[in-house]
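Chain identifiers are assigned alphabetically (A, B, ...) following the order of the sequence lines, protein sequences preceding nucleic acid strands; residue numbering begins at 1 within each chain.
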Amino acid sequence: GNSVTQMEGPVTLSEEAFLTINCTYTATGYPSLFWYVQYPGEGLQLLLKATKADDKGSNKGFEATYRKETTSFHLEKGSVQVSDSAVYFCALSGTTGAGSYQLTFGKGTKLSVIP
Amino acid sequence: SAVISQKPSRDICQRGTSLTIQCQVDSQVTMMFWYRQQPGQSLTLIATANQGSEATYESGFVIDKFPISRPNLTFSTLTVSNMSPEDSSIYLCSVDQRAGGPGTDTQYFGPGTRLTVL
């Protein structure tokens, strides 16, 4: 079945540091890949997505490239801010054996950015 | 993207009681989903709710515990029945939107309902 593996958290960075959160996946076929962000006390927001190999998703300074050869979708940001403190979830979409569409999530990585 | 609201945003309930959570979308959508997020954990899919058919439940979730209604293309409810402290979680609804052909599906989430069972 489909699965997503994210780097363990929590991650603590100083403001303006470089961020990488690793995400690898196992899937059949050609899934779409997503990063969602959950700010404290809120629901999930779509951060970025990529629908095919070599696509780069980007939003709010965050980027991730769909690497089929390494089955990865690592999230990066060149200079983090305190406001980026949140939990980040990597996810992939695919179909179940019964043919229904489903998202599979990683366990989430908590990021704390300190001034 | 769709705008999704949920009611209530949070609640504190006594064990043995039931709570119904509402999910409203600002546009018509075919597929709606209900997830549970236990404290400090990732999201687990409870069920898929398509209008005009019975909800499809994932392994470990049953209709008697989590009955779902989907009366139209913009609304759904999830009931958490006969609650116990183990049901304390965030419950989120989401909708699927397709921007183009197959493979362009994206799920958008509501703000969640934070449930505490005493």
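Side-chain contact between B:Phe109 and A:Leu46 is absent, with no heavy atoms from C-beta onward closer than 4.5 Å. Put simply, the side chain of A:Phe89 reaches to within 4.5 Å of the side chain of B:Gln37, judged on heavy atoms.
Proximity to chain A is limited to the side chain of B:Asp96, based on heavy atoms less than 4.5 angstrom apart. In this structure, chain A has heavy atoms under 4.5 Å from both the backbone and the side chain of B:Gln107.
For B:Ile12, the CD1 atom sits in a loose shell: 12 or fewer heavy atoms of surrounding residues, nucleotides or ligands are nearer than 6.0 Å. Other residues, nucleotides and ligands place no more than 12 heavy atoms under 6.0 Å from the CD atom of A:Glu8. Around CD of A:Glu16, the count of heavy atoms belonging to other residues, nucleotides or ligands within 6.0 Å does not exceed 12.
Residues A:Val11 and A:Phe62 are members of one and the same hydrophobic cluster, defined by side-chain heavy-atom contacts under 4.5 angstrom among Ile, Leu, Val, Met, Phe, Trp and Tyr. Both B:Ile21 and B:Ile46 are assigned to one and the same hydrophobic cluster, defined by single-linkage of ILVMFWY side chains at heavy-atom distances under 4.5 Å. In this structure, B:Trp34 is a member of the same hydrophobic cluster as B:Val80, with clusters built from ILVMFWY side-chain heavy atoms closer than 4.5 Å. The hydrophobic clustering, which links ILVMFWY residues whose side-chain heavy atoms are closer than 4.5 Å, places A:Tyr88 and A:Leu33 together. Using a 4.5 Å cut-off between side-chain heavy atoms of Ile, Leu, Val, Met, Phe, Trp and Tyr, with links allowed through other members, A:Leu47 and B:Ile4 fall into different hydrophobic clusters.
For the set B:Leu43, B:Leu45, B:Ile90, the entry with the most heavy-atom pairs within less than 4.5 Å of chain A is B:Leu43.
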Checklist entry - Stepwise, does the side-chain contact (heavy atoms from CB on, under 4.5 Å) test hold for A:Phe105 with B:Thr44? => result CA-CA 8 Å; A:Phe105 284 90; B:Thr44 302; over 6 Å; no

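Interface with chain A: from residues 61-73 of chain B, no residue qualifies, criterion being any non-hydrogen pair under 4.5 Å. Of residues 111-118 of chain B, those residues lying under 4.5 Å from chain A by any heavy-atom pair are B:Pro111, B:Arg114. Of residues 36-44 of chain A, those residues with a non-hydrogen atom less than 4.5 Å from any non-hydrogen atom of chain B are, in numerical order, A:Tyr36, A:Gln38, A:Gly41, A:Glu42, A:Gly43, A:Leu44.
Put simply, CD on A:Gln102 and CZ on B:Phe33 are 8.0 Å apart, with the number rounded to the nearest 0.5 Å.
Every side-chain hydrogen bond (donor to acceptor under 3.5 Å, both in side chains) that B:Glu86 has, sequence neighbours left out, goes to B:Ser84.
Nearest heavy-atom pair across B:Tyr35 and A:Leu103 is OH-CB, 3.7 Å.
Looking at B:Ser42, its side chain does come within 3.5 Å of a backbone N or O of A:Gly106 through a donor-acceptor pair.
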